[in-house]
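All ligand and atom numbering here is 1-based and tracks the order in the structure.
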Amino acid sequence: MTDIFYSLESEVRSYSRSWPVEFVQASGATQTDASGTRYLDFFSGAGALNYGHNNPVVMEPLVEYLQSGAVLHSMDMMTPAKREFLETFKDVILEPRELPYKVMFPGPTGTNTVEAALKLARKHTGRQHILSFTNAFHGMTLGSLSVTGNSMKRQGAGIPLTNSSKIPYDDYFDGETADFMWLERVLEDSGSGVDKPAAIIVETVQGEGGLRAARNAWLRRLSELCTEHDILLVVDDVQAGCGRTGSFFSFEDAGIVPDIVCLSKSISGSGLPMALTLFRPELDIWSPGEHNGTFRGNNPAFVTATAALKEFWADSAFQEQLASRINQLHGRLESIALSTSGAGVRGRGFLSGLVFDDKEAAGKIASESFRTGLLVETSGPDDEVVKIMPPLTVTTEELDRGLDLLEAAIRTVTGPAVDRGTDAEAAATPANTAS
Ligand SMILES: *Cc1c(COP(=O)(O)O)cnc(C)c1O
């Protein structure tokens with residue numbers, strides 16, 4: 001019955017290879033395939049489903065909107081749905097955090113917001129160069145790809161990816177080289193040959209690149225360096241934002257205020273495509289229509305986004321519940337890592353996972369998890385990390401059940417539990433983990 005996917009659809013498809021079933025129904029943290037098999041979804045659309053599948057909180061207003069005869073597509077025209085989204089985003093997100101940002105709708109995907117950010121940074125500074133980090137992932141269009149690390153993805157460009165250089169992410173040298181030595185040196189040395197960049201773009205946790213989490217102190221130093229050298233700081237919060245790390249923006253704990261912020265994946269709250277580019281008002285130097293796009297006015301996405309912001313972010317209850325789920329997840333990940341040789345914990349909040357010395361292990365664990373009813377993906381340059389991204393709305397019981405399945409899959413692949421004693425360092429290096 002699924003023949004058409006194999007015969008007609010391009011070979012470029014990927015997730016459907018890991019999970020070769022037709023998913024027919026979805027609710028919360030569960031998906032059901034055509035044969036009636038249920039899966040716990042700890043992938044969450046790569047972070048596009050932070051509130052789970054078909055959350056009634058967003059589905060009810062969405063269904064009502066669709067049946068009301070209201071506008072679905074509106075380019076960048078004014079509609080009540082868009083107005084209510086902007087009002088809610090201002091009241092619930094920006095003002096309580098004293099963030100001064102203007103809001104741009106750049107087209108509905110993550111790579112669209114990254115492209116807008118890079119373009120704006122170049123326009124504002126008059127500089128071409130952008131610095132990005134080892135193992136960064138920022139999207140698949142040429143501008144975003146030029147600041148992405150993965151060599152397989154970069155080769156897909158087919159042309160040279162220019163006007164950007166890579167700099168080492170937090171702890172890239174395992175503590176052997178001071179983190180900003182290279183960056184400070186080249187910025188100050190007029191003979192370094194590294195053109196002064198318009199911007200530095202960073203993920204606070206590297207979602208696709210192996211779930212390394214930058215330390216708060218590292219992010220603060222990065223922000224200071226940008227200020228000292230008059231370089232714009234762009235935080236790509238496409239995956240880490242919208243609550244994934246425990247706060248709405250992933251940089252809140254670090255206490256930094258980036259010049260530009262990219263949001264997409266879970267901003268609509270429903271899995272509908274939507275993206276935002278936020279920037280300091282003085283950067284708003286666009287001419288009308290200078291950057292546009294047909295699908296910037298996806299009104300159903302505005303409706304679900306507004307509903308999600310009101311339900312989950314208008315007070316602190318959801319964030320407190322999330323904090324306790326994050327503790328539950330990290331407690332369990334650490335205990336699994338301690339009883340598995342060659343395993344360690346990576347990531348922050350609900351953007352976390354387990355890294356294995358054996359580069360084959362993570363892929364095998366993900367396949368075994370699928371066989372037993374758990375959807376988890378791999379991450380990292382060698383797919384060496386099992387990525388555990390339940391919806392933020394997961395129940396404690398679901399989280400336990402999913403982690404039981406994960407642990408069983410790990411035992412099947414790596415052998416019985418071992419006692420690594422109090423060798424906590426092996427399980428979690430400070431740079432890569434912060435719950
Ligand atoms: C997914 C992702 C993107 C790209 O988003 P698309 O919607 O796939 O274009 C960009 N940056 C980060 C950090 C991402 O995780």
Colleague: Using a strict cut-off of less than 4.0 Å between a Lys/Arg side-chain nitrogen and an Asp/Glu carboxylate oxygen, indicate whether Lys387 and Glu208 qualify as a salt bridge.
Modeller: yes

Colleague: Give the residue and atom name of whichever protein heavy atom lies nearest to atom 1 (C) of ligand 1, and the separation in Å to one decimal.
Modeller: Lys265 NZ, 1.5 Å

Colleague: With a heavy-atom distance limit of 4.0 Å, tell me whether His138 approaches ligand 1 through its side chain, its backbone, both, or neither.
Modeller: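 For His138, the contact with ligand 1 is made by the backbone alone.
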
Colleague: Are Lys102 and Glu282 within salt-bridge range, i.e. N to O under 4.0 Å?
Modeller: no

Colleague: Where do Arg280 and Asp259 come nearest, in terms of heavy atoms and distance?
Modeller: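 Answer, listing the atom of Arg280 first, then Asp259: NE-OD1, 2.7 Å.
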
Colleague: Show every salt bridge (Lys or Arg N to Asp or Glu O under 4.0 Å) that has at least one partner inside residues 294-305, sequence neighbours left out.
Modeller: Asp76-Arg296

Colleague: What do you reckon, does Asp236 have a nitrogen or oxygen under 3.5 Å from a nitrogen or oxygen of ligand 1?
Modeller: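 Yes - when backbone and side-chain N and O of Asp236 are compared with those of ligand 1, one distance drops under 3.5 Å.
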
Colleague: Ignoring angles and geometry beyond distance, decide whether Gly110 reaches within less than 3.5 Å of ligand 1 through its nitrogen or oxygen atoms.
Modeller: yes

Colleague: Indicate whether any N or O donor in one side chain lies under 3.5 Å from an N or O acceptor in the other, for Glu398 and Thr395.
Modeller: yes

Colleague: Which bit of Thr109 gets closer than 4.0 Å to ligand 1, counting heavy atoms only: side chain, backbone, both or neither?
Modeller: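 Near ligand 1, Thr109 shows its backbone as well as its side chain.
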
Colleague: Can you name the atoms of ligand 1, numbered from 1 with element, that are less than 4.0 Å from a heavy atom of Thr111?
Modeller: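 Taking each heavy atom of Thr111 in turn, ligand 1 has 4 (C), 5 (O), 6 (P), 9 (O) under 4.0 Å.
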
Colleague: Please report whether atom 8 (O) of ligand 1 has a protein non-hydrogen atom at a separation of less than 4.0 Å.
Modeller: no

Colleague: Compute the shortest N/O to N/O distance between Glu203 and ligand 1 and return yes if it is under 3.5 Å, no if not.
Modeller: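 No, Glu203 has no N/O under 3.5 Å of an N/O on ligand 1.
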
Colleague: Testing the 3.5 Å rule here: is there a donor-acceptor pair between the side chains of Ser27 and Asn54?
Modeller: no

